[in-house]
Amino acid sequence: DADEQDQESLLKTFLATTQHFFGSFTDLFAPVTDPRQPALITYPLAALLFAGLWLFVCRLGARRQIGQLFRGNGPSATKFEALFGVATCPHGDTLNAAFSRLNPAELQAVVTGLTETLIRRKVLYATRLLDHYYLVAIDGTGVLVFTERHCAHCLTRTHNGVTTYYHPILEAKLVTTTGFALSVMTEFIENPEETPTKQDCELKAFYRLAERLKQRFPRLPICLLLDGLYAGGPTFTRCEQYGWQFLITLQDGDLPSVHQDFEALTQLAPENRLHFTPSSYPPVAQDFRWMNDLDYVDTERHAHTLAVLECRETQLVDGQLQTTRFQWVTSFKVTAQKVIPLANQGGRLRWKIENEGFNVQKTGGYALEHAYTQNPTAAKVFYLLLQIGHLLSQLIEHGSLFQHAFPKGVGSAKNLALRLLEAWRNLRRTPAEILALATGHFQIRFDSS
């Protein structure tokens with residue numbers, strides 16, 4: 001019937017998309033070493049990691065839902081048999097026990113490798129800034145919060161005599177104008193011991209993450225999108241050393257000398273102004289100002305040459321015109337030809353790491369802030385599986401296979417996850433028929449408009 005055809009089309013979209021870009025799930029998780037004794041293994045490691053991944057693709061929100069929805073379900077068991085040669089889905093506690101023994105760095109290599117594959121296959125080629133730079137937004141967010149110490153690596157915060165123990169992370173996501181927010185690399189912000197002399201923090205994590213990012217992608221043309229926390233000499237120096245460009249949000253209190261020079265010099269350079277009326281963009285008008293070759297000397301006495309770009313955006317809100325000011329400090333040399341893409345297709349995309357990234361993962365069904373485990377190592381593994389699940393879900397939602405099968409869509413990304421869950425639990429096919437869904441000759445394209 002029609003429902004069954006829709007379920008088959010949706011499951012085919014998921015399996016075929018994954019196979020097309022990354023191979024089988026066994027191939028996908030091949031970099032992760034299995035620490036278990038072979039004689040005691042019931043489920044291959046790829047089956048355990050897939051069960052954790054499927055938890056996030058279907059947006060179940062809790063580890064116990066694996067047992068409630070996948071175990072004891074005939075169609076689900078058939079699919080696990082087809083993909084991994086096992087009789088049924090593993091229990092959530094089995095996942096937790098195995099994940100607590102894994103090396104999170106190996107799963108991090110899987111996450112990074114997925115995004116690297118998309119870059120190498122030029123899936124994101126048309127979304128580059130100025131047809132050259134990949135946009136990498138870096139920002140931190142909270143993940144786990146406890147009222148009691150969770151592990152020796154917890155950060156602590158005391159307010160009104162109450163101590164909170166928490167685990168934030170720093171994320172580097174590749175963002176695009178077409179709506180992608182793909183995890184590239186994660187830096188876990190944590191103390192090295194229970195009573196450190198100084199706590200770890202977002203800036204320290206950024207320096208570690210930047211070094212790892214350069215080592216992993218030594219020749220990739222990168223433009224960093226950062227908030228005002230990073231507007232300072234150490235960031236500028238690293239970007240200069242690594243050959244990266246940057247667009248950093250500049251608030252009123254950031255870099256006072258740069259602010260002063262910008263305001264004074266733009267009065268003497270009327271040619272560095274541009275009025276723009278977008279034809280297919282919500283603002284009524286945009287007014288740009290910019291100034292290049294601004295000198296800045298940081299606290300370490302290192303000299304930097306910067307540019308500042310400002311956009312005053314006027315919109316019609318509740319029948320009244322309202323103007324909002326955006327300002328960035330950048331390493332780009334701004335010109336009248338570059339100012340619009342630098343602002344609209346560059347600096348303004350920093351919010352995507354918060355909206356399409358953190359906000360979706362926290363409130364869109366992935367339950368990023370839920371404690372899927374009490375084990376600190378397993379918690380990192382679950383977090384990284386969440387990033388893989390979010391990446392695959394974005395590829396499905398934006399890909400031509402899904403859009404051709406469902407030209408009217410399914411209403412929302414949450415509905416897509418719900419219907420994938422229904423297909424997994426209800427679609428009855430033999431193991432051979434399940435495997436056949438991922439095969440065939442086809443192309444997967446993404447809207448680059």
Side-chain angles (χ1 to χ4, degrees), residues 1-30 46 49-50 53-54 56-59 75-76 78-85 110-111 113-128 134 174 176-183 356 387-413 415-449:
D1 59 15
D3 285 344
E4 188 173 279
Q5 290 177 356
D6 284 351
Q7 290 174 1
E8 181 174 299
S9 295
L10 199 54
L11 194 59
K12 176 180 176 62
T13 297
F14 174 77
L15 295 175
T17 298
T18 305
Q19 177 77 29
H20 178 74
F21 289 113
F22 312 117
S24 69
F25 290 102
T26 300
D27 295 334
L28 191 153
F29 292 118
L49 291 167
F50 174 82
L53 166 66
W54 199 235
F56 295 112
V57 171
C58 296
R59 309 193 192 193
S76 173
T78 302
K79 295 176 182 67
F80 270 92
E81 180 186 354
L83 296 175
F84 305 105
V110 174
V111 177
L114 299 184
T115 302
E116 181 187 27
T117 296
L118 298 177
I119 293 172
R120 289 187 179 278
R121 299 187 66 166
K122 298 188 176 181
V123 173
L124 310 169
Y125 202 67
T127 67
R128 296 170 302 158
Y134 289 93
L174 194 153
T176 73
T177 54
T178 55
F180 283 121
L182 309 174
S183 180
E356 271 98 336
Q387 303 308 315
I388 298 175
H390 188 207
L391 181 148
L392 294 179
S393 297
Q394 291 177 78
L395 293 180
I396 293 168
E397 183 181 359
H398 294 287
S400 56
L401 284 185
F402 172 72
Q403 292 170 358
H404 290 162
F406 299 89
K408 296 182 179 179
V410 293
S412 69
N415 285 350
L416 174 59
L418 176 60
R419 294 181 68 163
L420 272 170
L421 174 61
E422 291 175 344
W424 189 264
R425 284 176 45 83
N426 297 322
L427 182 65
R428 295 184 179 275
R429 293 290 185 271
T430 66
E433 290 171 334
I434 294 297
L435 290 176
L437 292 177
T439 61
H441 297 284
F442 51 84
Q443 290 184 328
I444 300 177
R445 300 187 182 279
F446 299 93
D447 184 9
S448 61
S449 60

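At least one donor-acceptor pair under 3.5 Å links the side chain of Thr439 to the backbone N or O of Ala436. Panel note: side chain Thr115, backbone Ser183; a donor-acceptor pair is recorded below 3.5 Å. At distances below 3.5 Å, at least one donor-acceptor pair connects side-chain atoms of Gln394 with backbone N or O atoms of Ala181. Put simply, the side chain of Gln403 gets close to the backbone of His398: a donor and an acceptor are under 3.5 Å apart. At least one donor-acceptor pair under 3.5 Å links the side chain of Lys79 to the backbone N or O of Leu427.
The two residues Phe21 and Thr117 have their closest heavy-atom pair at O-CG2, 3.5 Å. In plain terms, the two heavy atoms of Leu182 and Leu391 that are nearest each other are CD2-CG, 4.0 Å. For Ala16 against Phe442, the heavy-atom pair with the smallest separation is CB-CZ, 3.5 Å. Here the shortest heavy-atom pairing between Ala417 and Val57 reads CB-O, 3.4 Å. Closest heavy-atom contact between Ile444 and Ser400: CA-OG, 3.4 Å. Counting all heavy atoms, side chain and backbone alike, Ala413 lies closest to Arg59 at CB-NH2, 3.5 Å.
With contacts defined as side-chain heavy-atom distances shorter than 4.5 Å, the pair Phe402/Leu416 qualifies. For the pair Val110/Leu49, no side-chain contact is recorded, criterion being any heavy-atom separation below 4.5 Å from C-beta on. Taking the side chain as every heavy atom from C-beta outward, Leu174 and Leu118 never approach each other to under 4.5 Å. Phe56 places none of its side-chain heavy atoms less than 4.5 Å from the side chain of Ile388. Between Trp54 and Leu420 the shortest side-chain heavy-atom distance falls below 4.5 Å. In this structure, the side chains of Leu418 and Val410 stay at 4.5 Å or more apart for every pair of heavy atoms. Side chains of Leu11 and Trp424 form a contact here, defined as non-hydrogen atoms less than 4.5 Å apart. Side-chain atoms of Thr127 and Phe446, non-hydrogen and from C-beta on, never get closer than 4.5 Å to each other.
Counted by atom type alone, Ser24 and Asp27 present one or more donor-acceptor pairs between their side chains at under 3.5 Å.
The aromatic ring centres of Phe50 and Phe80 sit less than 6.0 Å apart.
Asp3 pairs by the side chain to side chain contact (heavy atoms under 4.5 Å, CB included) definition with Asp1, not counting sequence neighbours. Qualifying side chain to side chain contact (heavy atoms under 4.5 Å, CB included) partners for Glu116, counting only residues two or more places apart in sequence or in other chains: Arg120, Arg216, Phe217.
Here the CZ-NE2 distance, from Phe406 to His404, works out to 13.0 Å after rounding to the nearest 0.5 Å. Atom NE2 of His390 and atom CD of Gln387 lie 8.0 Å apart (nearest 0.5 Å).
Taking a 6.0 Å sphere around CZ of Arg121, one finds it holds more than 12 heavy atoms contributed by other residues, nucleotides or ligands.
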_With salt bridge (charged side-chain N to carboxylate O under 4.0 Å, His left out) as the criterion, how do Glu4 and Arg429 come out once you've worked through the C-alpha distance, each side chain's angles and the decisive distance to 0.1 Å?_
CA-CA 11 Å; Glu4 188 173 279; Arg429 293 290 185 271; 3.4 Å; yes
